[in-house]
Amino acid sequence: MAYEKELAAAKKAATLAARLCQKVQKALLQSDVHSKSDKSPVTVADYGSQAIVSFVLEGELPSEPFSLVAEEDSGDLRGESGQETLKRITELVNDTLTSEALDGFSTLTAEDITRAIDNGKSEGGSSGRHWVLDPIDGTKGFLRGDQYAIALALLHEGKVVLGVLACPNLPLASIGSNQQHSGNEVGCLFFATVGEGAYMQTLDGSSKTRVHVSATENPEEASFFESFEAAHSSHDLSKSITEKLGVKVPPVRIDSQAKYGALSRGDGTIYLRFPHKGYREKIWDHAAGCIVVTEAGGVATDAAGNPLDFSKGRFLDVASGIIVTNQKLMPQLLRAVKESLNEKASSL
């Protein structure tokens, strides 16, 4: 299998990062005093997750030149005001890695942590290999005790060839709008390699099952996902599009690339994302989710039907938005999107 070593390293890195995030979220939800405006827990988990992924990938793949395109850098941690946070991150990372009994692991210093975080400063691009990471995708969901994901992908010559999504709070059972929650076990790991299909297993590493997108061809039977936060995506535009298609069920709104994971196993049929004007998508917000869903038989394009291009550096420039569904529904969905966008433009 191509990229076998890389996939094993990516799964290990994302799973360990998820463990760290779970610890932080558990403590956050148990503390009575935290206010939603206090971003420090998510800051600690964000940096800690990035440090772990960087450290594990570099350690597991020593013979490869290491390039990581990631969201965070350590600038804010290096000053006087960041020392306390850096100390907490260092402790958490060491705790997480020690509990895993990694071979030859020796305690990391604060300097090791900032170096691991700053590995993420790569610009990516169309040549060579670059890892792409969102250490916590869905920070609002994380703070709410809801959905978030550790999203890790590998670019090779500008194409996404591998993706891993760790979704610590996603139920193993379907979360589609017409599903009753059967069983309350949570924690999913989705992964895909180009040409090899997409798979899901539990975060604690149970046997994998292959996943496939929904085969629904009738829009009336389709359900759709969109961002939980209206600030992240235009709910009005989604409503207009789904009304044109004849979708009957209300949207399932969840945070983060957990939507891509849920879509890849057929929990819903459509994912719509229309950020507000002026927002530029980042490659780490879609790279891992995109390959998981396409390897599960889905299609992800921008609103004009163009394939998503991850080869242009840190940003993903798209026409208006991103739409994801199965191959049968895509032509109808593109038509509805085009009509809705034209109506919106003519009403301005």
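Reckoned from all heavy atoms, side chains included, excluding hydrogens, waters and symmetry mates. Residue indices begin at 1 and follow the sequence shown.
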Ser214 versus Asn326, closest heavy-atom pair with distance: O-ND2, 2.8 Å
Straight-line distance of Phe55 CZ to Arg115 CZ, nearest 0.5 Å: 8.5 Å
Check: Gln83 side chain, Gly79 main-chain N or O, donor-acceptor pair, under 3.5 Å: yes
Between Gln25 and Asn169: side-chain donor-acceptor atoms closer than 3.5 Å: yes
Electrostatic pair Lys312:Asp317 at N-O distance under 4.0 angstrom: no
Heavy-atom pair of closest approach, residues Ile270 and Thr325: CG1-OG1, 3.6 Å
Minimum heavy-atom distance between Glu226 and Ser234, given as atom pair plus value: OE1-O, 4.5 Å
Ser174 and Asp267: side chain donor to acceptor below 3.5 Å: yes
Exam field: side chain Glu295 to backbone Gly197, donor-acceptor pair closer than 3.5 Å: yes
Polar side-chain atom of Ser54 near backbone of Gln50 as donor-acceptor pair, under 3.5 Å: no
Main-chain N/O of Ser227 paired with His235 side-chain donor or acceptor, under 3.5 Å: yes
Side-chain (Asp118) to main-chain (Asp73) donor-acceptor, under 3.5 angstrom: no
Pair Tyr271 + Phe224: ring centers closer than 6.0 Å: no
Nearest heavy atoms of Ser223 and Gly268, plus distance in Å: OG-CA, 3.3 Å
Pair Glu343 + Lys244: basic N to acidic O under 4.0 Å: yes
Side-chain donor or acceptor of Ser256 paired with backbone N/O of Ala258 under 3.5 Å: yes
NZ (Lys282) with more than 12 external heavy atoms under 6.0 Å: yes
Parallel, tilted or perpendicular: ring planes of Phe191 versus Tyr199, cut at 30 and 60 degrees: parallel
Shortest non-hydrogen contact from Val132 toward Leu68: N-CD1, 4.5 Å
Ser67-Ser122 side chain donor-acceptor pair, cut-off 3.5 Å: yes
Nearest-0.5 Å distance that lies between atom CZ in Phe315 and atom CZ in Phe310: 14.5 Å
NZ or CZ of Arg253 within 45° of Phe228 ring axis and under 6.0 Å: no
Over-ring placement of Lys259 relative to Phe225, 6.0 Å and 45° cut-offs: no
NZ/NE/NH1/NH2 to OD/OE distance under 4.0 Å, Glu60 and Lys11: no
Donor-acceptor pair, side chain of Asp137 and main chain of Gln257, under 3.5 angstrom: yes
Atom NZ of Lys328 with >12 non-hydrogen neighbours under 6.0 angstrom: no
Side-chain donor or acceptor of Asp46 paired with backbone N/O of Ile136 under 3.5 Å: yes
Any donor-acceptor N or O pair under 3.5 Å, side chains Ser340, Ser240: yes
Donor-acceptor contact present, side-chain Arg265 to main-chain Leu172, <3.5 Å: yes
Carboxylate-amine/guanidinium contact Lys12 Glu100, below 4.0 Å: no
From CA spacing to verdict: side chain to side chain contact (heavy atoms under 4.5 Å, CB included), Val53, Leu152: CA-CA 9 Å; Val53 170; Leu152 178 61; 4.0 Å; yes
Over all atoms of both residues, closest heavy-atom pair of Cys21 and Pro135: SG-O, 4.4 Å
Asp112 vs Thr109, side-chain hydrogen bond (donor to acceptor under 3.5 Å, both in side chains): CA-CA, chis, key distance, verdict: CA-CA 5 Å; Asp112 294 330; Thr109 65; 3.2 Å; yes
Pair Asn94, Thr107: side-chain N/O donor-acceptor within cut-off below 3.5 Å: no
Carboxylate-amine/guanidinium proximity below 4.0 Å for Arg273 and Glu281: yes
Salt-bridge criterion met for Lys248 and Glu243 (N-O under 4.0 Å): no
